[in-house]
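The sequence lines fix the lettering, A, B, ..., with proteins before strands; numbering per chain opens at 1. It should be emphasised that the depicted structure is a prediction, and the values quoted were computed from it without experimental measurement.
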Amino acid sequence: MPEIQILSDSGDNSNTNALFGKYELGKLLGCGAFAKVYHARDLRTGQSVAIKILNKKKLLLANPSLANNIKREISIMRRLSHPNIVKLHEVMATRTKIFFAMEFVKGGELFNRISKHGRLGEDLSRRYFQQLISAVGYCHARGVYHRDLKPENLLIDESGSTLKVSDFGLSALTDQIRPEDGLLHTLCGTPAYVAPEILSKKGYDGAKVDVWSCGVVLFVLAAGYLPFNDPNVMSMYKKIYKGEYRCPRWMSQDLKRFVSRLLDINPETRITVDEIVKDPWFVKGGFKPIKFHDLKGEGGEVEAVKSLNAFDLISFSSGLDLSGLFAGCGESERFLSEKSPDELAEEVEEFAKEEKLRVETMKKGEYGVEMEGQNGKFIIFLI
Amino acid sequence: MLAFVKRFSLKRTKHPRGYEDPQVLASETPFTVNEIEALHNLFKKLSTSIINDGLIHKEEFLLALFRNSSMQNLFADRVFYMFDRKRNGVIEFGEFVRSLSIFHPHTPEHEKSSFMFKLYDLDGTGFIQRHELKKMVGALLSETDLGLSEECIEAIVEQTMVEVDTNKDGKIDEEEWKELVAKNPSILKNMTLPYLKEVTLAFPSFVLDSEVDD
């Protein structure tokens, strides 16, 4: 095993190669300036995971604000649940290292595919781009910005049909290429995806910056090469700053127009996510409207209760619901009401309409209503 | 880095009463060492909210559950009593972790069931008696605005006793309780806290000052 000391804290586990007695580490999937990513297997479930290992010392030297940010960022990442966002399962740590156990995406980086097989057709480019925007829009709706969208962060599953964005919400751990920290030139990564307003070191809007990076990604997918590229980094900056790029001949007029809206050097006039999802190129070929919300609620929790006996009733006591101890990490409130389920459901929907929340009503008879607002999720179950 | 080491070695010398080594607790519970470090962050928050002594007092427990330290709630009192294994009126860190471990999604159902039975056995007689059940139904109803009549409560209790007290001795023993749980597992829903599977994500600051050796 490379470099990592293997830990095992449970005596009953004979597999001494397991990280924390829990994950069996496999091959190295990738490595960056501060992190190595390994394939691993969860010994309990057999599930494949990706384990990202960070060196605390190196990380703190490069990014002293880490200590302040890491807690917040992990909490943010935890709340993101979307089919196109790599899920963070667990964090672990030793004195010198931090480990992230994440969803394993088998197909690897999308851009490996492009460097191997060349550019994608516009239809396939659109399919990936729609998924990217779905993930980005979902996060923006929750006030979370990636700020470092780049090829390494776009993964595809085995079938090649699903795109997943990694490292959303973890910018303190990944934004090593921000110019402010002076590290820009020492990194293996490329600044080719950085928006012009970041280069000018003005304050910037995370949403606008992400849209720019998505524009670069789309360009690469459809053209097969970077819109802004130069062996000389300063020349590359200049091109980004001026928005100088050339679309290939084969690109459709519609896509050229769309790309020009994404790669608008003026963040004020640059297209927004809300406008993107209405753009003719984007919606071409019959695209079902993107919902920036969970496609399915946690579901399955609506129990069909036949007749309540005394213990069922007692179990509704708020004194027995210990989730309050974990306040701040998802709170739910339960209440009993004398109103009929239909009446209640109506009231909830009305309230939601006023407050501009999204409501999903379950099938009749199940009496469940799910509600979602800007800052996360509110679920109401009616029994 | 040095700062962390310093901070921790200081802390190490004055761990509060009842503090236990995460390694030891990890070996006895479904939690990993990191999860216990994460739980310690939660414990620190809870145990210093009113009295800064590293022990969870009843008021602090109520404050966390209800945002109100003087809340009257029979069930919260019972949970506190069950957590306070030494019965000395406070919850120490070890008690906190061991009790919470019963709420872990991976903990076998029979442990959850047995915990809940003891919690409902208000007088500690080894049985849930009719009057205890009635007291609990009354307590639940007083939490809500449902102004149910005495007869109504009596009817609910009666119906439940008929259903559960299969040997008809007027009280529910642990065997009868187990049968009820087998028929109706949702009764144990409060005994599983999905949060416990993600404590490392909910309280991630341990990643900076973990004491786990490489």
Within the side chain of [X], is there an N or O that forms a donor-acceptor pair under 3.5 Å with the backbone of [Y]?
X	Y	value
A:Lys56	B:Val207	yes
B:Ser210	A:Ala93	yes
B:Thr200	A:Met92	no

Heavy-atom distance under 4.5 Å to chain A: side chain of [X], backbone, both or neither?
X	result
B:Leu196	side chain
B:Ile172	side chain
B:Leu62	neither
B:Leu119	side chain
B:Leu63	neither
B:Leu46	side chain
B:Phe80	neither
B:Glu143	side chain

**Message:** What I want to find out is whether B:Asp214 reaches A:Arg95 closely enough, with some N-O distance under 4.0 Å, to be called a salt bridge.
**Reply:** no
**Prompt:** Can you tell if the side chain of A:Val91 reaches within under 4.5 Å of the side chain of B:Phe206, non-hydrogen atoms only?
**Reply:** yes
**B:Leu65 vs A:Ser318 side-chain heavy atoms within contact, under 4.5 Å** = no
For the [atom1] atom on [X], are there more than 12 heavy atoms of other groups (residues, nucleotides or ligands in this structure) within a distance under 6.0 Å?
X	atom1	result
B:Phe66	CZ	yes
B:Glu154	CD	yes
A:Lys87	NZ	yes

**Asked** Taking the inter-plane angle between the rings of B:Phe203 and A:Phe326 on a 0 to 90° scale, is it parallel (under 30°), tilted (30 to 60°) or perpendicular (over 60°)?
**Response** tilted
**Asked** chain A: which of B:Leu133, B:Ile128, B:Asp77 shares the most heavy-atom pairs with it under 4.5 Å?
**Response** B:Leu133
**Message:** Tell me the closest heavy-atom pair linking B:Met116 and A:Leu320, and the distance in Å.
**Reply:** CE-CD2, 4.3 Å
**Closest heavy-atom pair and its distance - B:Thr160, A:Asn309** = OG1-CB, 3.6 Å
